[in-house]
Amino acid sequence: MEFLNSLLEQISTAYDLLAAGWGVQLLWGIGWTLAVTSVSMVIGAVLGSLVAAAKLSHRGRLRFLGESYTTVFRGEPELLIIYLFYYGGTQVLTGVARSTGSIGPTDIVNMPSFLGGVLAVGIISGAYQAEVFRGSFLAIHRGELEAARAYGMSAWLRFRLVIMPQVLRLAVPGLGNVWQLTIKDSALISVTGVAELMLTANKAARSTHHSLLFYTVAGILYLVMTSISTPIFEKAERYTSRSFLRPK
Amino acid sequence: MSASPAAAAKAEPSHDATSAISVKEMRKCFGDHEVLKGISLEAHKGDVISILGSSGSGKSTLLRCINLLETPDSGEVWVGGELIRMKSGQGGHQTPADIRQVERIRADLAMVFQSFNLWSHMTVLENLVAAPVHVQKRPRAECLEQAEALLKRVGIWERRNYYPPHMSGGQQQRAAIARALAMNPKVMLFDEPTSALDPELVGEVLRVMRSLAEEGRTMLVVTHEMGFARDVSSKVMFLHKGEVDSLGEPKEMFARPPTQQFKQFITNFNK
């Protein structure tokens with residue numbers, strides 16, 4: 001009975017805290033987390049396809065560049081990359097601004113936190129996406145590429161009509177994985193001051209001293225985001241691989 | 001298009017206006033192995049040439065060098081009186097001088113592959129209109145109309161909205177032949193079109209090919225189908241170890257094999 005009372009009390013405190021404004025803050029946090037993740041995924045997709053193309057190139061130098069990219073950005077801790085881009089970026093920007101005399105000798109130009117964050121997470125995401133794209137390209141039936149050449153398609157037409165649609169189809173399951181990784185990486189951006197879910201939960205926990213409550217709520221929200229994305233990617237996979245499923 | 005005699009003479013003094021494909025002294029090595037040892041071939045409009053040979057004789061390589069899926073080390077390919085221009089590239093190997101020219105000529109040389117090679121993410125109908133619309137830049141509506149007619153002709157119109165992996169090998173190969181016909185090709189190249197098919201599906205593909213031969217299409221057919229070679233083709237070319245061993249009129253060739261090699265080849269086949 002006493003236990004039940006204390007539980008009810010806890011719940012009502014939680015309700016009060018969330019209703020007092022932290023709930024709305026956390027919702028904003030979700031919004032920023034999704035924004036950071038989406039923008040990073042797009043940056044990663046552009047970089048990833050370029051890196052995959054480099055790794056598949058006939059030219060040794062390009063292959064080396066591609067290999068180096070994936071080795072470095074998959075092999076370094078994510079947090080280090082983020083610090084490098086955010087604080088390193090700040091240092092570079094400040095240095096440039098000081099040398100051109102556009103700011104005073106003691107002023108500082110901060111790396112915009114959203115930009116620095118999504119660049120860092122996008123570059124990491126790109127390293128994983130490159131591997132996904134490369135594997136997908138290699139899984140295309142060689143004969144179909146040959147047929148595209150034999151029917152007079154230029155390199156661009158082959159890419160647009162045969163390679164890209166098939167790479168996308170084969171890449172969907174892998175991209176689902178990268179999306180989950182990127183959602184989790186986005187939490188690290190809190191160190192740059194973007195008010196995404198992690199930073200918001202942190203702030204709430206510190207200022208209310210209800211760490212258990214806010215980290216649990218944030219944990220549940222992350223889990224909701226990652227689990228909702230699974231059926232969405234499954235649906236996408238069914239759509240893009242429809243030519244391989246048995247017709248009804 | 002009718003070229004004036006003067007223009008034709010300019011293109012190639014000895015050019016024969018009825019020539020569809022002319023291959024001169026073609027050579028190709030894979031590493032140390034010389035697969036084609038100076039092969040020449042002349043196909044006139046309406047010719048159906050069956051190219052026979054045991055595996056490793058170079059017959060598929062010859063076909064693939066004609067549309068430059070493989071780059072021949074030396075030799076000339078003329079298509080409809082036009083030379084495919086080559087230049088010497090890295091390490092003494094020649095490469096096409098103008099990839100646009102190669103792409104344009106490839107569109108005139110529709111190829112049918114052993115493993116069909118239909119684009120698996122497109123429906124049959126989309127497979128038939130992709131290259132006509134995007135490569136030949138013809139109006140989509142016209143291409144769709146032609147594609148439906150071709151699918152009726154090869155007997156798989158009901159399957160027009162299927163994806164290739166949902167069809168039998170015979171149906172896929174007939175779709176692939178329709179895809180080739182949709183290009184209105186000057187010459188059709190068949191690379192062992194029935195070799196990947198279950199025996200009971202070979203007939204339906206051969207029937208389509210026979211009807212193409214009968215309407216006067218120019219065809220180069222690499223095949224193991226002796227019946228097709230003997231009864232349908234206008235010429236038989238037998239390759240042995242990368243050289244033309246014998247070439248002639250099919251009935252004559254099969255009745256009186258001109259060389260010991262060819263005699264042995266057909267005897268082995270009939271066993």
Side-chain angles (χ1 to χ4, degrees), chain A residues 49 52-53 57-63 132-175 233-248, chain B residues 60 63-64 66-71 90 96 99-124 126-137 159 161-167 172 175-176 179-180 182-183 185 188-191 196:
Chain A
S49 31
S57 166
H58 296 292
R59 292 183 202 178
R61 234 176 273 174
L62 274 179
R63 262 203 321 277
V132 172
F133 290 141
R134 193 178 72 96
S136 307
F137 177 81
L138 293 175
I140 300 177
H141 180 39
R142 297 293 99 180
E144 294 184 28
L145 297 178
E146 195 159 73
R149 281 208 295 148
Y151 279 77
M153 290 186 192
S154 60
W156 165 242
L157 271 183
R158 296 199 294 271
F159 177 75
R160 187 160 70 91
L161 298 179
V162 181
I163 297 175
M164 208 173 58
Q166 298 218 44
V167 164
L168 282 182
R169 162 174 74 80
L170 296 159
V172 168
L175 287 181
F233 273 93
E234 273 170 4
K235 201 161 186 186
E237 188 183 347
R238 263 201 303 282
Y239 176 74
T240 53
S241 60
R242 64 197 177 285
S243 67
F244 287 86
L245 303 172
R246 284 273 128 209
K248 284 185 277 291
Chain B
S60 281
L63 211 59
R64 294 164 56 80
I66 290 176
N67 65 358
L68 274 90
L69 285 182
E70 305 282 355
T71 314
Q90 296 171 324
I99 193 68
R100 291 283 135 78
Q101 185 205 21
V102 173
E103 285 162 3
R104 181 164 50 75
I105 286 177
R106 278 174 178 161
D108 286 334
L109 302 176
M111 192 173 216
V112 175
F113 300 86
Q114 178 174 356
S115 46
F116 330 130
N117 296 353
L118 291 165
W119 297 302
S120 55
H121 60 296
M122 300 182 192
T123 63
V124 170
E126 287 163 356
N127 264 280
L128 263 66
V129 301
V133 167
H134 295 284
V135 176
Q136 295 178 327
K137 310 244 181 282
R159 297 270 190 269
N161 292 322
Y162 276 51
Y163 290 100
H166 299 160
M167 307 198 302
Q172 287 192 54
R179 173 174 71 172
M183 303 295 283
M188 297 180 78
L189 308 175
F190 291 85
D191 188 6

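Just so you know, these numbers come straight off a predicted model, no measurement behind them. Convention: sequence-line order gives letters A, B, ...; per-chain numbering from 1.
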Task: Whether over 12 other heavy atoms sit under 6.0 Å from Arg142(A) CZ - done: yes
- [ ] To the nearest 0.5 angstrom, please state how far the CD1 atom of Ile140(A) sits from the CH2 atom of Trp119(B).
- [x] 13.0 Å
Open item on the list: Between Ser120(B) and Glu144(A), is there a side-chain heavy-atom distance shorter than 4.5 Å?
Closed with: yes
TODO: May I ask you to name which of Ala148(A), Gly152(A), Gly143(A) has the most heavy-atom pairs under 4.5 Å with chain B?
DONE: Gly152(A)
Task: Under 3.5 Å donor-acceptor, Arg169(A) side chain and His121(B) backbone - done: no
- [ ] Check whether Leu118(B) gets within reach of chain A through its side chain, its backbone, both or neither, counting any heavy atom under 4.5 Å.
- [x] backbone
Task: Within 45° cone of Tyr151(A) ring axis and under 6.0 Å: Arg179(B) NZ or CZ - done: yes
Between side-chain atoms of residues 153-160 of chain A and protein atoms elsewhere (two or more places apart, or another chain), which donor-acceptor pairs fall under 3.5 Å?
from, atom 1, to, atom 2, distance (Å)
Ser154(A), OG, Leu157(A), N, 3.3
Arg158(A), NH1, Met153(A), O, 2.9

- [ ] Of all the heavy-atom pairs spanning Arg149(A) and Leu69(B), show the shortest one and how long it is.
- [x] NH2-O, 3.2 Å
Task: Shortest non-hydrogen contact from Ala147(A) toward Asn117(B) - done: CB-O, 3.4 Å
Open item on the list: Check Glu146(A) with Arg64(B), please: is the shortest side-chain N to carboxylate O separation under 4.0 Å?
Closed with: yes
Task: Contacting region of Ala176(B) [heavy-atom separation from chain A under 4.5 Å] - done: backbone
Task: Per-residue contact mode, Leu68(B) against chain A (heavy atom under 4.5 angstrom) - done: backbone
